[in-house]
There are 2 protein chains.
Amino acid sequence: MIRLLIADDHPVVRAGLRAVLECEPDFAIVAEAATAERAVELAAEPGVDVVLMDLQFGPGSAMNGAQATAAITARAGAPRVLVVTTYDTDADTLPALEAGATGYLLKDAPPEELAQAVRAAAAGRSALAPSVADRLLERMRAPAAALSARETEVLGLVADGLTNQQISQRLHLSQATVKSHLVHIYTKLAVDSRTAAVREARGRGLIR
Amino acid sequence: MIRLLIADDHPVVRAGLRAVLECEPDFAIVAEAATAERAVELAAEPGVDVVLMDLQFGPGSAMNGAQATAAITARAGAPRVLVVTTYDTDADTLPALEAGATGYLLKDAPPEELAQAVRAAAAGRSALAPSVADRLLERMRAPAAALSARETEVLGLVADGLTNQQISQRLHLSQATVKSHLVHIYTKLAVDSRTAAVREARGRGLIR
DNA sequence: AAACGCATCAATCAAAAGGTTGAACTCGGG
DNA sequence: CCCGAGTTCAACCTTTTGATTGATGCGTTT
């Protein structure tokens, strides 16, 4: 019997996961959490094998799903965390996997795939949505053009149309630092302006 | 007895809506659609009172929820359409409401609110999520602020990160004209920078 | 016809942002 | 232990932007 904790801020999604999973005879939903903090609390108690974790916990929540995942997996004997989210971007998947998630599924997955992934997670095996697996492999193959984490962060804000000043405030940096990052980004991407960098990075999938 | 059609591409969400709504004694889920096209087909048949419509139907779908809503409500004797979505932006809500949706709810709504909204829709009354209602009223108070075609065109290029000079070349204008348009845009949108204008216009759905 | 909004352009000026160069510090690996 | 990569910053110069003022022609509306 695999004991599940469902962590999602949407009541409808919780009900949907419960409805889909509790018809599996070997599954038992033992708890639900509507906030990331509550999920961490509940996952700390014994009697949970797999946590189904959403990444987005709506505004008014200090903690996101990736942070909660990190907090849960940090403990010894922690349950496995299976991320189940709507979003499928590098910006979301990588932090979640780095935080120790055992798997990463999309909410549009068919119920059967969900159940398989839960069983895989319970057994300690990984379960990735095909699109996620694709991008991970592609990332492995493409060794080049890697922007550093900070550079990616800066470029993301550039893509959102922020000025260097706004970026510096957002990241608690000086404008000089932001500009410096941009110079490095330009050389790495072989471009010479912010808009060209954004286009290039979008094309390569470095930023959503 | 209120007969419901659930249209959503996520199996989990469909299951969740069904689980939440079918425990209401006066509701009956008579059909489900995983695509917008299928939803239009099913809504055309008699025996449906309210359609719960998602807006996003995943890539690989030609029709979105707003278009499906328009197609459904265009017919005489059509069922009411209640939009239930994750997103809460002007760019999403306005087209949906213009397409004839009777209500607009967010998926994080508590089950009770959902049920109330369905009953309201079945009775022909409107049901809007509080945040949506707020923004609609605010829009009513604010006198329109529609941009001219040319202004929208310019702002679209600004949103793409082009400089005034690049825009002037693209549109065969002088930089002076571009600046002039921008000044008008700023006053109409009550902002004072290009990035703020882009944000504002995106929020209002004036540009993609 | 007059008034109005729209689109077009010119010129000027201060402020902001962008881009370049150079340099310090940290940290992990050879 | 030194090297390179990453992060941080300053000073400097150029480009862009935004504000302002003003002008022309062209449709619509009044």
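When reading the values below, keep in mind they use all heavy atoms of this one structure, side chains included, and skip hydrogens, waters and symmetry mates. Owing to the predicted nature of the structure, the values given are computational and were not obtained by experimental measurement. Throughout, a chain's letter reflects where its sequence line sits, starting with A, and its residues are numbered from 1.
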### Query
A/Ser174 and A/Thr177: side-chain donor and acceptor closer than 3.5 Å?
yes
### Message
Measure NZ/A/Lys179 against P/D/dT16 and give the value in whole Å, please.
### Response
14 Å
### Message
Measuring to OP1 and OP2 of D/dT8, would you say a side-chain N or O of A/His181 lies under 4.0 angstrom away?
### Response
yes
### Task
Would you mind telling me which of D/dT8, D/dG18, D/dC9 lies closest to the side-chain atoms of A/Ser174?
D/dC9
### Query
Want to settle it: does A/Arg150 or B/Val183 sit nearer the 5' end of DNA chain D, counting the closest nucleotide to each?
A/Arg150
### Query
Does a nitrogen or oxygen in the side chain of A/Ser180 sit under 4.0 Å from OP1 or OP2 of D/dT7?
no
### Query
To the nearest Å, how far apart are B/Ile167 CD1 and D/dT16 P?
12 Å
### Query
Is it true that A/Arg14 and A/Asp54 make a salt bridge, defined as a side-chain N closer than 4.0 Å to a carboxylate O?
no
### Query
When you check the gap from the basic side-chain N to the acidic O, do A/Glu32 and A/Arg38 get nearer than 4.0 Å?
no
### Message
Would the base of D/dC9 count as contacting A/Thr177 through its side chain, where contact means a donor and an acceptor less than 3.5 Å apart?
### Response
no
### Query
Is there a side-chain polar atom (N or O) of B/Ser148 under 4.0 Å from OP1 or OP2 of C/dA7?
yes
### Query
Under 4.0 angstrom, heavy atoms only, what part of the nucleic acid is B/Gln175 near: base, sugar-phosphate, or nothing?
nothing
### Summary
Separation of D/dT16 atom C1' from B/Leu182 atom CG, nearest Å, is 12 Å
### Side-chain touch A/Phe27/A/Arg3, heavy atoms, less than 4.5 angstrom
no
#### Entry: Distance in angstrom units between B/Asp192 CG and D/dA19 P, rounded
6 Å
### Message
Under a plain distance cut-off of 3.5 Å, with no hydrogens placed, do B/Ser168 and B/Gln165 share a side-chain donor-acceptor pair?
### Response
no
### Message
Does a side-chain N or O of A/Asn164 approach OP1 or OP2 of C/dG18 to a distance below 4.0 Å, or not?
### Response
yes
### Message
So if I take every side-chain heavy atom of B/Tyr186 and compare against D/dA19, D/dG6, D/dT8, which nucleotide ends up nearest?
### Response
D/dA19
## Note on the structure
Looking only at C/dA7, D/dG6, D/dA19, the nucleotide nearest the A/Lys188 side chain is D/dG6
### Query
Rounded to the nearest Å, what distance is computed from the NE2 atom of residue B/His184 to the P atom of nucleotide C/dC6?
8 Å
### Query
Given atom CG of B/Leu162 and atom P of D/dT17, what is their separation to the nearest angstrom?
10 Å
### Task
Let me know the distance between CD of A/Gln169 and C1' of C/dA17, rounded to the nearest Å.
13 Å
## Note on the structure
Taken to the nearest whole Å, CD/A/Gln166 to P/C/dA17 is 7 Å
## Note on the structure
Of the listed D/dC9, C/dC9, D/dT17, the closest approach to the A/Ala176 side chain comes from D/dC9
### Task
Please work out if B/Leu173 contacts a base, only the sugar-phosphate, or nothing of the nucleic acid, heavy-atom cut-off 4.0 Å.
sugar-phosphate
